[in-house]
Amino acid sequence: MVVFAAEHIYRLLLQTHGKQGWWPADSVFEVVIGSVLTQNTAWKNVEKAILQLKKVCPLDAHYILKLGHDALADAIRPSGYFNIKAKRLRNICEWWIDWCSQDNSSKNTDEIRKSLLKVNGIGPETADDILLYALGRPVFVIDTYTRRIFERLGLVEADWNYETLRQWFETSLATATADSDRVQLFNEYHALIVKHAKDICQKKQPLCEQCCLQVGCSYAHRSRSCHLN
DNA sequence: AGCCAGGACTGAG
DNA sequence: CTCAGTCATGGC
């Protein structure tokens, strides 16, 4: 049964919240920018930052680099951590320019991830955000919500590192085999987890039976209250 | 009035 | 090598 748990929970999330249609952005490069700005930051603040940035400069790697640190930091101020994020944005702009200058059709996903992780300011989650939502690669994004929910459902262990968790999800979701199907599935799944966390758990609704979104579910709950607390 | 957001790096021990 | 400290605004 546990083998199909990941797919089961996906169906429950989908029927509860509907399709999310991530990533909210006007361009692929905007996804890259957003993935850095949203690090440990509410998306609402990221929207403000991107809006301000668009007012002072076209959303293009070359223009952002020409902007300089101070002007960039000032524009993205609402997203918090504006000084480090300005540096990180400049770093990922360099990477992006390099990326766009090459033929990437034959590169495999793992080598792209490695090159992303070499960029200072790009950790495993941000790298996977970029891989999935900007580059359309089939990788499952792990965030703090994912950890908490599935740990309290008793499906994953607390001491698993990022890679182990990612592997668990990717191998558990075996029904979709074609790359394009997996991209769609992983895209929606991560978005639904975030949606669920924000809409339901933060509002402290008495979801218990619903940690898995369903009354009387059979998972081994670690907590009786909302599994996100 | 705190608490915490769609994390990641650094420096101490 | 682990791990606490650091970065910082805005919404609830």
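Below, chains carry the letters A, B, ... as their sequence lines are ordered, and counting in each starts from 1. No experiment lies behind these values; they were computed from the predicted model shown.
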- Figure out the NZ/C1' separation between A:Lys118 and B:dA8, and round it to whole Å. 18 Å
- Whole-Å gap separating C1' (B:dA5) and CD1 (A:Ile76): 16 Å
- Task: Starting from C1' on B:dA8, measure out to CZ on A:Arg147 and report it in whole angstrom.
- Result: 13 Å
- Under 4.0 angstrom between A:Thr144 side-chain N/O and B:dG7 OP1 or OP2: yes
- Query: Can a salt bridge be assigned to the pair A:Arg137 and A:Asp179 using a cut-off of 4.0 Å between side-chain N and carboxylate O?
  - Reply: no
- Note on the structure: Rounded to whole Å, CD1 of A:Ile92 lies from P of B:dA8 at a distance of 11 Å
- Message: How many whole angstroms separate atom CG of A:Asn45 from atom P of C:dG10?
- Response: 7 Å
- Task: Output yes when a side-chain donor or acceptor of A:Glu188 lies under 3.5 Å from a complementary backbone atom of A:Gln184, and no otherwise.
- Result: no
- Query: Do any of residues 124-133 of chain A sit with a heavy atom less than 4.0 Å from DNA chain C, and if so which?
  - Reply: none
- Just one of A:Ile193, A:Thr175, A:Leu192 clears the side-chain contact (heavy atoms from CB on, under 4.5 Å) bar with A:Tyr10, so which one? A:Leu192
- Mind checking whether A:Phe169 and A:Phe186 have ring centres under 6.0 Å apart? no
- Query: B:dG7, C:dT9, B:dG6: which one has an atom nearest the side-chain heavy atoms of A:Pro78?
  - Reply: C:dT9
- Message: With nearest nucleotide decided by heavy atoms, which residue, A:Leu117 or A:Trp43, maps closer to the 5′ end of DNA chain B?
- Response: A:Trp43
- Task: Please work out whether the ring planes of A:Trp96 and A:Phe29 are parallel, tilted or perpendicular, with thresholds of 30° and 60°.
- Result: tilted
- Under 3.5 Å side-chain donor-acceptor pair for A:Asp129 and A:Thr126: no
- Query: Just how far, in rounded Å, is C1' of B:dA5 from CD1 of A:Ile193?
  - Reply: 17 Å
- Task: Please measure how far the P atom in C:dA8 lies from the corresponding atom in B:dG11, and state the result in whole Å.
- Result: 15 Å
- Message: From OH of A:Tyr81 over to C1' of B:dA5, roughly how many Å is that when rounded to an integer?
- Response: 8 Å
- Message: I want to confirm an ordering. Mapping A:Ala42 and A:Arg88 to their closest nucleotides on DNA chain C, which one lands closer to the 5' end?
- Response: A:Arg88
- Message: Angle between ring planes, A:Trp22 versus A:His190, binned at 30° and 60°: parallel, tilted or perpendicular?
- Response: perpendicular
- Message: What's the closest nucleotide to the side chain of A:Gln39 if the choices are B:dG6, B:dA8, B:dC9?
- Response: B:dA8
- Which distance, rounded to the nearest 0.5 Å, do you find between the CG of A:Asp98 and the SG of A:Cys93? 12.5 Å
- Query: If you measure from the C1' atom in C:dT6 to the same atom in B:dC4, how many Å do you get, rounded?
  - Reply: 16 Å
- Return the value, rounded to whole Å, for the distance between atom CD of A:Glu47 and atom P of B:dA5. 18 Å
- Is any side-chain nitrogen or oxygen of A:Arg148 closer than 4.0 Å to OP1 or OP2 of B:dA5? yes
- Query: What integer number of Å spans the C1' atoms of C:dA4 and B:dG6?
  - Reply: 23 Å
- Result for 5'-nearest mapping on DNA chain C, choosing between A:Lys44 and A:Asn40, is A:Asn40
- Using a 4.0 Å heavy-atom cut-off across all strands, classify A:Lys48 as base, sugar-phosphate, or nothing. sugar-phosphate
- Message: Between B:dG6 and A:Trp22, is there a base-stacking contact, meaning the centre of the base's six-membered ring lies under 5.5 Å from the residue's ring centre while the planes stay under 30° apart?
- Response: yes
